[in-house]
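What follows is a set of notes on a single structure, which appears directly below.
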2 protein chains.
Amino acid sequence: MAQPEPKTKSERIARVLEAEIRSGFLHDGAALSSETALVARFAVSRATVRKGLGVLAAKGLIRTKVGIGSFVTYGGAVIDNGPGWSLALSEGETRMGVRILSITRQPMDLDAPQVAAAEVLAVDRLRFRENTGRALTLERSRVPWREDFAALLRTGLEQGSLSRELELRGLSPASGEEWANVLPALSVADAALMGRSAGEPMLRLRRLTRTASGRVVEYVESLLDPELFGLHMEF
Amino acid sequence: MAQPEPKTKSERIARVLEAEIRSGFLHDGAALSSETALVARFAVSRATVRKGLGVLAAKGLIRTKVGIGSFVTYGGAVIDNGPGWSLALSEGETRMGVRILSITRQPMDLDAPQVAAAEVLAVDRLRFRENTGRALTLERSRVPWREDFAALLRTGLEQGSLSRELELRGLSPASGEEWANVLPALSVADAALMGRSAGEPMLRLRRLTRTASGRVVEYVESLLDPELFGLHMEF
DNA sequence: GTGACAGACCTGTCTAGTCCTGTCTAGCCT
DNA sequence: AGGCTAGACAGGACTAGACAGGTCTGTCAC
């Protein structure tokens, strides 16, 4: 229905950081990276980073203090969807549990031609409402394999967040793409994983993130309960 | 349909660039060369290049931004104008016809609390592939009623575009919101309108646009064939 | 232990320069 | 008159660098 607005660099930076804040990846009170660190991450000049931060400050999402840094001042976390669309819960308060199905080193299995790597770190997770057995989301993350992922296969993820592990290794997304469409019918295999009925329509989200240098950070494919999840965007 | 021979240099430039865009050589979101680079490429003056770019901009194929450049805003099938999500056709070239179901003055019927107006201009359209009877989209636009819409009820829309009529009356969207979700089952009434089966899952898009002063310009609710349409976003 | 200090790191601000589009003027040619 | 050329100037986006001043922390002297 629309065309992507050509974005300036500063707008893009504001957008990526805003999504990280709204998704809860950067929680309320958290310190953003320093301006010079963001310069490196987004591969732009400091003036441009500051312009992007200015947008967030104007929206009241962050506050910056001289000599210290910038801090998140927004507490409305949603779920970990990374940058891009804001994933909105259709209902009100919904407590969701997370279950990690598997963390493995394996060949690339999903259909994402942009991911050239033969081997990936694969993390599959379920989210479910605690009172029922039905899973609300099924998320499959694929990250091009690096040797320093080896420990994760034994120890698991810190706080269950793959993004955080990637961040620790300098794999911060600076740009990306996102696709959304309707999966008309849940497959038998996925239905079994999610404790749902095969044939149900689902909302399917695919996201590819890249570093400033263009290297693929992560590819995520999510199946979401259409009753509960929708996409929302302001422009 | 045979194209007439381009008469002027600026027409030739527009023709060449348009072909590159429609062929996919310049994909959606891609940056065109700068005007001075195009001056060198086509060996004409900058004014001529700008005239050619002006033709493309008027067609909605590109958008130019001061200090940055010109960008392709044509994703293969532009359904409607305006910023926000980019609606992507899953398949390749698909020629679609438009049929306007009705243009009426009526009470607000859709569930959009942001639209305070009691009376609206309501435009319902179908889009369909020409060889089949199945509609691919059903779009319902609602615009707060103004007296200068009266003529539209008799004369119809210029080029079938409501956006153009709104633009002519100074109602240019400056900001807005967009929601997307899965409609699990097409209603019997809508199925009949679209020539589809009731119960099919559909992609539902809702968009609310506002002027710079915050007045609601338009509310649109679209049902889209999930096989054919998806959402795409870069960040 | 404590207090002072140096240095590291942070934001705030400024300047000079590049590259881009927007716009205007003057003139040439058919 | 309309299409085109050539040039000039303004202003926006961005880069790169420099400098000042706030804040924190490790270290050293006492």
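Reckoned from all heavy atoms, side chains included, excluding hydrogens, waters and symmetry mates. Order of the sequence lines fixes the chain letters, A, B, ..., with proteins taken first and strands second; residue numbering starts at 1 for each chain.
- Salt bridge annotation for A:Asp124-A:Arg142: present, with a cationic side-chain nitrogen under 4.0 angstrom from a carboxylate oxygen.
- Straight-line distance from the CZ atom of A:Arg63 to the C1' atom of C:dT11: 15 Å, rounded to whole Å.
- For C:dG22, the OP1/OP2 oxygens have a side-chain nitrogen or oxygen of B:Thr64 closer than 4.0 Å.
- Under the 3.5 Å distance criterion, with hydrogens and angles disregarded, a donor-acceptor pair is assigned to the side chains of A:Thr36 and A:Ser34.
- For the OP1/OP2 pair of C:dT11 and a distance below 4.0 Å, the side-chain nitrogens and oxygens of A:Arg50 include no atom meeting the criterion.
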Output one line per pair: protein atom, nucleotide atom from nucleotides 10-14 of chain D, and distance, for all N/O pairs under 3.5 Å.
| from | atom 1 | to | atom 2 | distance (Å) |
| --- | --- | --- | --- | --- |
| D:dA13 | OP2 | A:Lys51 | NZ | 3.3 |
| D:dC14 | OP1 | A:Lys9 | N | 2.4 |
| D:dC14 | OP2 | A:Ser10 | OG | 3.4 |

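- Taking atom CZ on B:Phe42 and atom P on D:dG3, their separation rounds to 19 Å, with Å as the unit.
- For A:Arg169 (side chain) and A:Glu165 (main-chain N/O), a donor-acceptor pair under 3.5 Å exists by modelled atom type.
- A salt bridge is defined here as a Lys NZ or Arg NE, NH1 or NH2 lying under 4.0 Å from an Asp or Glu carboxylate O, and A:Glu18 with A:Arg22 meets this definition.
- Nearer to the 5' terminus of DNA chain C, by closest-nucleotide assignment, is the contact made by A:Ser70 (compared with the other of A:Ser70 and A:Ala47).
- Note: A:Thr104 OG1 to A:Leu121 CG = 7.5 Å, rounded to the nearest 0.5 Å.
- Between the C1' atom of C:dT23 and the CD atom of B:Glu35 lies a distance of 11 Å, rounded to the nearest Å.
- If you check distances only, the side chain of A:Arg46 does reach the base of C:dT13 with a donor-acceptor pair under 3.5 Å.
- Judged purely by distance below 3.5 Å, without hydrogens or angles, the side chains of A:Ser141 and A:Glu218 pair a donor atom with an acceptor atom.
- The distance between atom CD1 of B:Ile62 and atom P of C:dG22, rounded to the nearest whole Å, is 9 Å.
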